[in-house]
2 protein chains.
Amino acid sequence: MTITQLKYALAIAEHQNFTKAAESCFVTQPTLSTQIQKLEDELDIIIFDRGKKPIELTDVGRKIVFQARNIVNEAERIQDIVDQQKGFIGGEFRLGIIPTVMPTLLPMFLKNFIKKYPKVKLKIEELTTEEILTRINEGHLDAAIAATPLENENIKERVLYYEPFVAYIPDNHRLKDKKAIEVSDLDIEDMLLLEDGHCFRDGVINLCKTFKNQAEESFQLESGSIETLIKLSNEGLGMTLLPYLHTLDFREKLSHNLRHFKEPSPAREVSIIYHKSELKMQIIDAMHNVISGIIRGAIVFSNVEIISPLPK
Amino acid sequence: MTITQLKYALAIAEHQNFTKAAESCFVTQPTLSTQIQKLEDELDIIIFDRGKKPIELTDVGRKIVFQARNIVNEAERIQDIVDQQKGFIGGEFRLGIIPTVMPTLLPMFLKNFIKKYPKVKLKIEELTTEEILTRINEGHLDAAIAATPLENENIKERVLYYEPFVAYIPDNHRLKDKKAIEVSDLDIEDMLLLEDGHCFRDGVINLCKTFKNQAEESFQLESGSIETLIKLSNEGLGMTLLPYLHTLDFREKLSHNLRHFKEPSPAREVSIIYHKSELKMQIIDAMHNVISGIIRGAIVFSNVEIISPLPK
DNA sequence: TCACTTTGATAACAAAAACATATAGTTTTT
DNA sequence: AAAAACTATATGTTTTTGTTATCAAAGTGA
């Protein structure tokens, strides 16, 4: 049994296809076939059920692949130890970011980060929280930026900042003349929401439920982006809530529609999250430092109440 | 980096000597030299300081070897998973037993166990608790039988039985006429103890301290075996405490010197202990079942008070 | 200090393993 | 039924791993 064989098994389990798995490992398909056969021979057990199409794991196969993931992870930490020793902050670093954080946070820290750590090859993907969790667990992401707490036992969280919700009230709205909004003012009936899958949507729903246990699924309109939400709101279709950082570059025309909450303002907790194995922890530390340094200048609220990003 | 290379590194770290490590791996010394060089080249870091004699680990080397231990352990679990799947209870199983349990418990269960699980190649060693903990952590023991609780975060415990302390009172002793002993009767001044390193000794000392916070290091006599302890006691040198199982095969002549404690009788907790990685768990389960089945017939006490086996 | 031993490194070579190309044998799609 | 998509197998090449023989350096002891 070699680490290489285990990596091959992982790739096949993932792609459910020898040929594609071979590509992802940068070897030819017969190499995988023979190496997996050798592994199966040595253990004297069948890992993959080639009868099914696409290929499936046997019951033992599933356990073995799970354990193989552990072994490969632990093996990668050897390089990590060496990097740490050398004070080397570099190599590939795959970062996921949720859609409602991506457009505001990324421009703020990216330039600083790549300047300070030029040896890190950043690969950034916009992903929903759910996709992020899967990929971190499967080892396809090194870390991610998401709303927390997530209560996932395999994943650790390190808070970056607390981002207050800000209300966007169109001109014709019943709350137009209020200077400061309260949570009890909110009514999910005239609230514009992001479409399903966005945790910011779930946060808003949780917030609305704080005071009123409203009927679900009666939402009027849903959109895929916050920019659209604002436009829909301007059309008089209802109010909406925005993450604070989104409101920073509003022109006067728009910003006179903004209303902050009375303190303690509801807020989402935004964290850098990573697998509990703490692989590439130096880079995660570095990124945490850069981001929280930058945010310290941008968000000054102190008295906030954290709203859970989880549905239901 | 291969699992084999990591195993070689572990062997060298352990033996502090390439030649001996090579033997333990069943390869020649040049093989180790070149493989370790390859590993060091690949990681571009020095693991072993060949300047020192005997050879020493560098600082990074220590971390790498620690991680290598994890990886090798996790890798061995693959075979474990396969064994579990096949319901196979077999292979080498290295068991440590503390001296004060060995002579009484081993004869009781060994025959049964090898009859029931003939494919397990048992390697049993008599070791002190301290030696056991080191060896389990270094992966040289699969499990051990020892007095617990040990409060060691790397080691899990599964209780086998509670074994009461029994007093052995020689004819001329002040407590001779008492039918049932109480803890408050005990005085460490006239108590014969096992020599240092035995946890049973520490248990007795802890017990004596329950009521009197006596001066330490004023013990009269110490011995390496319980049999000698009894003989010394018969010479009028003091009383002593014995583990219950040791008293079962006493002839009448000896057993009239025995005094049980008033309930709740002080007792030691005897457990099968193993590394938290739960390697070879099927065999540990099997052994636990055999032993506790046999003990159920031999120890009938229910109301006991557990005495810690740890010094101080 | 001078043999002598111990121990790790190196060279040369043999054996084994890993991988590629080419191709055959299945199953699935169309 | 033909084509396409996949995996297995045969064969040869390259790479890796291991062995034996030998060397160099450090430590040991008379």
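Letters go in sequence order (proteins before strands), and every chain restarts at 1.
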Report the distance from atom CG of A/D49 to atom P of C/dT27, rounded to the nearest whole Å. 13 Å

Check whether more than 12 heavy atoms from other residues, nucleotides or ligands sit under 6.0 Å from atom CD of A/E130, and answer yes or no. no

In terms of ring plane angle, is the pair B/F113 and B/F109 parallel, tilted or perpendicular, where the classes change at 30° and 60°? perpendicular

Report yes if at least one side-chain N or O of B/N17 is closer than 4.0 Å to OP1 or OP2 of C/dT7; otherwise report no. yes

Any residue in residues 63-74 of chain B with a heavy atom nearer than 4.0 angstrom to DNA chain C? Just list them by number, or reply none. none

So which of residues 18-40 of chain A are in contact with DNA chain C, with a heavy-atom cut-off of under 4.0 Å? A/V27, A/T28, A/P30, A/T31, A/Q35, A/K38

Assuming nearest nucleotide by heavy-atom distance, tell me which of A/T2 and A/G51 is located more 5' along DNA chain C. A/T2

Counting only heavy atoms not in B/K123 (residues, nucleotides, ligands), do more than 12 fall under 6.0 Å from its NZ? no

Can a side chain N or O of A/R50 be found less than 4.0 Å away from OP1 or OP2 on D/dC6? no

Residues of residues 4-13 of chain A with a heavy atom under 4.0 Å from any atom of DNA chain C, listed by number, are A/Y8

Heavy-atom neighbours of B/F88 CZ exceed 12 at 6.0 Å: yes

Taking CG from A/D41 and C1' from D/dA8, how many angstroms apart are they, rounded to a whole number? 13 Å

